[in-house]
Colleague: 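After the structure tokens below, expect a handful of questions from me.
When reading the values below, keep in mind they use all heavy atoms of this one structure, side chains included, and skip hydrogens, waters and symmetry mates.
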Amino acid sequence: WVNANGTSANTNCYTPQNSTVGTTEYYCVITQAGGQGCEVTSNTATVEIVPGPAFTLQPLDSTICVGANITMSIAYTNGTGTPIYQWYQNTIASSVGATPATGTGFNTNTYTPQTTTSGTTYYYCTVSLPSGGCNLISSQFAEIIVNPDPTVDTQPLPSDTICVGGTIANPLNVSYTQGTGVGNVTYQWYDGIYPNGTIGTGTGSNTTNYTPLTNTLTTGTYSYYAVISFDGNDCNDAVSNPAIINIIADPTVSIPSPLSQILCQNAPINDICVIASGGVGTYLYQWWQNDGSGWVNANGTSANTNCYTPQN
């Protein structure tokens, strides 16, 4: 035991030091001037000085989709007394202009922010310990970016028509809108009608470009669609519009007319004509000839029309 220091050490009210961490006991001896040995000693009072509070867990940045459920937490050490928590939000990483946050747990150490609207919001938490006389501490800012759920930007071609045994000229194509979705993106094409399609068996079934396997299909109408998925927090899938492929029979051609001609050399000769029908697209003609030595492309300006003029 030593004499206490300070200007109030000789008064009835003493102010202990609070700059050094530790526990100190105090008591007061009261004597009476002019008294005949009168003296009394008080009970012992204990004062414990603890370190001020400091964060051991800070809130973290996160990028999520609309409607995702996330929580932010803080933790601290030291200090004394019952903590009072308050979360704040702002459109910039600053306490200036910040407003008390709304949402579950805004006055606890674990906070669930609102995520119903896309945009960027900054959050921080303050901790005060008024009963212990500790200074208020403020956490770092957490940037929470809420992106819209993914949407389809480029839709596949609505419809195409091919003949039996054919393949579409250009692959079906799909893409998502930049700035939507969160995380890594994957693509999956399906054969059939959403949501009951089967995983595509054609080329590029898990890419942006898909060529369905059609060369074994019979005539009919076939549907295809793509699902775009993100592995970010609670992102919904984006489903493309259906792409319809109509498979029709191959074209038919009439019997050449006239079917047979027997003429003298250099005699006038009739054109040989055919009539094509059905199929899809523009008809392209190529006549062939065989004079007994094998089939070869026919010659002449009309060899690529529906009526051919043989040589005479």
Side-chain angles (χ1 to χ4, degrees), residues 4 6 8 13-26 43-150 179-184 229-237:
S8 60
C13 290
Y14 177 62
T15 303
Q17 68 82 28
N18 63 353
S19 58
T20 302
V21 173
T23 301
T24 305
E25 295 179 319
Y26 300 88
N43 292 335
T44 300
T46 302
V47 176
E48 181 182 2
I49 305 300
V50 298
F55 285 102
T56 58
L57 177 66
Q58 297 275 7
L60 301 177
D61 297 343
S62 186
T63 301
I64 58 176
C65 278
V66 166
N69 183 30
I70 64 166
T71 58
M72 297 182 293
S73 297
I74 61 98
Y76 73 93
T77 187
N78 298 326
T80 183
T82 301
I84 297 175
Y85 302 94
Q86 180 62 60
W87 288 85
Y88 292 87
Q89 63 186 50
N90 204 349
T91 56
I92 59 174
S94 173
S95 60
V96 177
T99 58
T102 58
T104 302
F106 67 88
N107 57 356
T108 70
N109 69 316
T110 299
Y111 175 60
T112 302
Q114 299 283 358
T115 60
T116 55
T117 304
S118 60
T120 300
T121 306
Y122 296 87
Y123 297 91
Y124 70 96
C125 184
T126 62
V127 181
S128 60
L129 299 160
S131 63
C134 300
N135 292 332
L136 179 143
I137 57 174
S138 296
S139 74
Q140 69 185 22
F141 292 94
E143 181 187 57
I144 305 300
I145 301 173
V146 180
N147 279 351
D149 280 317
T180 65
V182 174
N184 299 309
S229 303
F230 283 83
D231 63 2
N233 192 327
D234 204 32
C235 294
N236 295 328
D237 291 339

Colleague: Given 3.5 Å as the limit, does a donor-acceptor pair link the side chain of Asp231 with the main chain of Asn184, or not?
Modeller: yes
Colleague: Look up atom OG1 in Thr180 and atom CG in Asn236, then write down how far apart they are to the nearest 0.5 Å.
Modeller: 11.5 Å
Colleague: What pair of heavy atoms forms the shortest contact from Tyr26 to Gln17, and how long is it?
Modeller: OH-N, 4.1 Å
Colleague: Which heavy atom in Thr80 sits nearest to a heavy atom in Cys134, and how many Å separate them?
Modeller: N-SG, 3.8 Å
Colleague: If the condition is ring-ring contact (aromatic ring centres under 6.0 Å, His included), which residues does Tyr76 pass it with, not counting sequence neighbours?
Modeller: none
Colleague: For residues 111-121, tabulate all N or O donor-acceptor pairs below 3.5 Å that involve a side-chain atom, not counting sequence neighbours.
Modeller:
from: Tyr111; atom 1: OH; to: Thr102; atom 2: O; distance (Å): 2.1
from: Thr115; atom 1: OG1; to: Ala68; atom 2: N; distance (Å): 3.4
from: Thr115; atom 1: OG1; to: Ala68; atom 2: O; distance (Å): 2.7

Colleague: Under the rule for ring-ring contact (aromatic ring centres under 6.0 Å, His included), what residues qualify as partners of Phe141, not counting sequence neighbours?
Modeller: Tyr124
Colleague: May I have the list of side-chain donor-acceptor pairs in residues 48-64 shorter than 3.5 Å, sequence neighbours left out?
Modeller:
from: Thr56; atom 1: OG1; to: Ala75; atom 2: O; distance (Å): 3.3
from: Gln58; atom 1: OE1; to: Gln140; atom 2: N; distance (Å): 2.8
from: Asp61; atom 1: OD1; to: Glu143; atom 2: N; distance (Å): 2.7

Colleague: Would you be so kind as to tabulate the donor-acceptor pairs closer than 3.5 Å made by side chains of residues 83-91, with sequence neighbours excluded?
Modeller:
from: Trp87; atom 1: NE1; to: Thr108; atom 2: O; distance (Å): 2.7
from: Asn90; atom 1: ND2; to: Ser94; atom 2: O; distance (Å): 2.7
from: Asn90; atom 1: ND2; to: Val96; atom 2: O; distance (Å): 2.9

Colleague: If I compare all heavy atoms of Ala101 with all of Phe106, which pair ends up nearest, and what's the gap?
Modeller: O-CB, 3.6 Å
Colleague: Got a second to check how far Ile144's CD1 is from Ile70's CD1, nearest 0.5 Å?
Modeller: 4.0 Å
Colleague: Please determine, by modelled atom types, if Ser73 and Thr110 share a side-chain donor-acceptor pair under 3.5 angstrom.
Modeller: yes
Colleague: With sequence neighbours left out, which residue pairs that include part of residues 57-115 fulfil the disulfide bond (SG atoms under 2.5 Å apart) condition?
Modeller: Cys65-Cys235
Colleague: Any chance you could measure Ile74, atom CD1, to Ile137, atom CD1, to the nearest 0.5 Å?
Modeller: 7.0 Å
